[in-house]
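These values consider heavy atoms only, across backbone and side chains, with no hydrogens, waters or symmetry-generated copies.
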Amino acid sequence: MKKLIAIALLLLMPAMAWSQKKEIHILSANDMHAALDRFPQLADIADSLRALYPQLLVFSAGDNRTGDPLNDRYEIAAYPMVALMNQVGFNASTLGNHEFDSNPQGLAKLIDLSHFRHICANIQPDPQIGIHCIPCQVFDVEGTKVGVVGVVQLGIHGRPDTHPDNVTGINFSPVNETVEKYKWLREQCDVVILLSHIGYDADVEISKDIPWVDLIIGGHSHTQLEGGEIHNGILITQNANKLGKVTHTTLTVENGKVTAKKAENINVKTWPKKNKVVENMVKFFSENNDFGRVLTQAATPFGTYEELGCLMSDAFRAEGHADIGVMNYGGVRYDILPAGNITVNDVLQLDPFGNDAVELNLTGKELRDMLIACSRADEDRFPIVSGITCEVTRDKNDSTNIKSLQLFTPDGKKLNLKKTYKVVTNSYTTIVSDSPRKDQGRSMNYQTSDMIINFLTKQPSVSYQGERRIKEMKK
């Protein structure tokens with residue numbers, strides 16, 4: 001009798017093992033933007049989760065760099081972030097639009113220095129550049145196959161939101177049609193994940209067309225979700241930028257299928273412990289005293305993107321000896337700066353892209369057309385100006401449609417559309433603003449961040465509280 005029971009148990013064991021539930025644990029970040037100071041806590045979070053779940057997967061949804069000059073102006077631009085991600089033990093990252101800020105050769109070097117793979121399916125680089133990026137990867141987690149495909153956002157010109165020179169020699173394919181080509185992962189994998197840098201709204205939209213995906217780890221729009229959201233049966237996760245929070249996702253897999261999904265936020269900022277090795281690495285990368293040099297005082301705090309953009313456009317106009325300064329809205333990288341010291345570090349975080357200052361001679365009409373084109377290229381965010389004010393009227397049924405744009409001089413008179421004005425802006429704005437104009441602009445051989453630094457050193461103090469130069473309405 002005992003032998004019969006033993007034989008029966010042996011026969012049942014394969015079926016019991018097959019039906020056994022397994023859990024896949026994922027720690028995910030997005031839009032870290034070189035938040036070096038948060039990495040000691042992030043590393044300890046990863047260590048703590050690995051102690052519980054040794055097969056933990058750690059992913060980034062892109063925009064790992066651009067935001068801290070200690071990282072972005074390092075001898076090898078953005079190497080500190082790569083070194084810290086290597087130490088934390090990231091398994092993969094997709095490309096964000098700001099990964100391209102290093103230019104193609106710089107991106108290739110960073111990828112080669114990474115101990116993790118960069119996964120992005122809708123990028124086709126010239127092989128000679130040496131960007132060793134893969135479209136997808138399958139991870140084996142104790143016999144459970146986890147397939148990951150990555151994508152990066154494309155703007156209205158069919159390329160990621162970065163300076164066009166940064167993607168020379170790289171072609172891109174539309175996100176939706178690219179993702180559909182990897183439907184075969186469903187047949188080969190127990191879990192399928194889209195590592196997405198296309199923004200929350202686009203993630204929700206694409207979830208309608210990819211029922212074969214279990215999880216979308218999102219980025220780009222800096223959308224803070226409470227844990228995650230289910231849309232069309234797919235769990236979507238994303239956090240705000242700068243490593244305020246990360247997400248721990250648990251996927252339960254049974255008989256080769258995901259049967260349960262759970263996502264919870266972990267607050268990095270308030271995490272009580274730090275990884276000592278990573279803390280020492282951050283201290284090493286932070287040894288640059290020049291970044292702390294005080295330029296001037298903010299007499300009042302800055303509280304909006306427009307207030308800081310007004311400062312930047314004023315610097316363009318003053319240092320460029322121009323009539324008008326123009327700053328694209330998306331180039332203003334933070335919206336809050338307290339009263340007190342303004343340092344070199346503050347400026348380099350505010351304007352981290354290394355753009356050149358460009359001067360143009362434009363008629364009032366050409367300027368108006370360029371401002372509209374800049375808004376269209378910058379996710380319909382109107383640029384911030386100096387030397388003029390603007391009244392923007394948008395279609396009440398379609399806010400992307402600018403019905404009229406009125407330009408005024410500081411004394412309230414309408415700008416002469418036939419007169420020619422000297423305009424200073426950054427090189428990104430001149431390239432993405434594809435409006436007709438005779439003068440395409442000339443580099444001033446002067447980085448815009450240096451222009452802002454020099455402007456501030458000449459000011460005993462600055463105050464832009466309540467400054468508004470753009471009036472928007474709908475009709």
Side-chain angles (χ1 to χ4, degrees), residues 13-30 46 49-62 85 88-95 111 114-123 132-152 175-198 203 206-207 209-219 228 230-237 246-264:
M13 280 180 66
M16 291 168 64
W18 176 249
S19 64
Q20 184 179 11
K21 291 182 179 180
K22 295 184 178 180
E23 288 186 345
I24 303 297
H25 292 271
I26 301 161
L27 178 64
S28 62
N30 60 274
L49 288 173
R50 280 199 192 94
L52 297 171
Y53 317 112
Q55 300 300 313
L56 177 75
L57 295 172
V58 185
F59 295 140
S60 168
M85 290 174 71
V88 169
F90 275 77
N91 296 93
S93 175
T94 195
L95 296 175
I111 289 176
S114 302
H115 298 170
F116 51 90
R117 299 307 300 265
H118 285 74
I119 302 173
C120 191
N122 63 327
I123 171 178
H132 300 132
C133 187
I134 58 176
C136 65
Q137 185 172 0
V138 177
F139 297 87
D140 189 325
V141 183
E142 295 184 322
T144 300
K145 296 293 193 294
V146 179
V148 180
V149 60
V151 286
V152 63
V175 170
N176 290 46
E177 67 181 49
T178 299
V179 173
E180 191 61 30
K181 294 177 181 178
Y182 294 88
K183 189 176 181 179
W184 57 266
L185 284 170
R186 180 76 280 167
E187 300 173 3
Q188 298 189 13
C189 300
D190 307 290
V191 177
V192 180
I193 298 171
L194 177 62
L195 204 52
S196 159
H197 194 84
I198 62 176
D203 285 336
I206 200 173
S207 71
D209 302 320
I210 51 172
W212 44 274
V213 168
D214 299 298
L215 168 67
I216 296 175
I217 298 173
I230 298 291
H231 291 273
N232 302 298
I234 300 173
L235 176 62
I236 298 176
T237 67
V246 289
T247 302
H248 172 212
T249 301
T250 304
L251 303 177
T252 303
V253 182
E254 189 172 6
N255 295 334
K257 184 178 180 181
V258 175
T259 57
K261 308 170 184 179
K262 182 177 71 172
E264 54 190 349

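Sorted by first and then second residue, the salt bridge (Lys or Arg N to Asp or Glu O under 4.0 Å) pairs with a member in residues 142-151 read D140-K145; sequence neighbours excluded.
Inter-residue side-chain proximity for V258 and D190 is flagged as unmet; no heavy-atom pair is nearer than 4.5 Å. Here the side chains of V151 and L194 are in contact, with some heavy-atom distance below 4.5 Å. In this structure, the side chains of I217 and V148 stay at 4.5 Å or more apart for every pair of heavy atoms. Residues S60 and M85 meet the side-chain proximity criterion, which asks for heavy atoms closer than 4.5 Å. Side-chain contact between I24 and T250 is absent, with no heavy-atom pair separated by less than 4.5 Å. Inter-residue side-chain proximity for I210 and E180 is flagged as met; some heavy-atom pair is nearer than 4.5 Å. Contact of the V191 side chain with the L215 side chain is not registered, since no non-hydrogen atoms from C-beta on lie closer than 4.5 Å. At a threshold of 4.5 Å between non-hydrogen side-chain atoms, the residues W184 and C136 count as touching.
When all heavy atoms are compared, the tightest approach of G219 to A61 is N-CB, 4.0 Å. In terms of heavy atoms, L56 sits closest to A46 at CD2-O, 3.9 Å. Heavy-atom minimum distance, L185 versus G147: CD2-CA, 4.4 Å. Residues S93 and G62 approach most closely at OG-N, 4.1 Å, considering heavy atoms. The two residues A121 and V149 have their closest heavy-atom pair at CB-CG2, 3.9 Å.
Between the side chain of R117 and the backbone N or O of A92, no donor-acceptor pair lies under 3.5 Å. A side-chain donor-acceptor contact under 3.5 Å links K261 to the backbone of G233.
The SG atom of C120 lies 11.0 Å from the CD1 atom of I134; values are rounded to the nearest 0.5 Å. Between the CG atom in L95 and the CG atom in L195 there is a gap of 9.5 Å [rounded to 0.5 Å]. Distance check: T237 OG1 to I216 CD1 gives 9.0 Å after rounding to the nearest 0.5 Å. Rounding to the nearest 0.5 Å gives a distance of 8.0 Å between CG of L27 and OG1 of T247. Distance check: N255 CG to K21 NZ gives 10.5 Å after rounding to the nearest 0.5 Å. Here N30 contributes atom CG and T94 contributes atom OG1; the two are 11.5 Å apart, rounded to the nearest 0.5 Å.
Counted by atom type alone, T178 and N122 present zero donor-acceptor pairs between their side chains at under 3.5 Å.
Here the two rings, on F139 and F59, have centers that are under 6.0 Å apart. Two rings, from Y53 and H248, have their centers less than 6.0 Å apart.
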Item to check | Intermediate values then yes/no, side chain to side chain contact (heavy atoms under 4.5 Å, CB included), V146 and V138 | outcome: CA-CA 5 Å; V146 179; V138 177; over 6 Å; no
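Using a 4.0 Å cut-off between charged nitrogen and carboxylate oxygen, K257 and D214 do not count as a salt-bridge pair.
When the options I26, I119, V58 are evaluated for a side-chain contact (heavy atoms from CB on, under 4.5 Å) with N91, the one that passes is V58.
Residues forming a salt bridge (Lys or Arg N to Asp or Glu O under 4.0 Å) with D203 (at least two apart in sequence, or on another chain): none.
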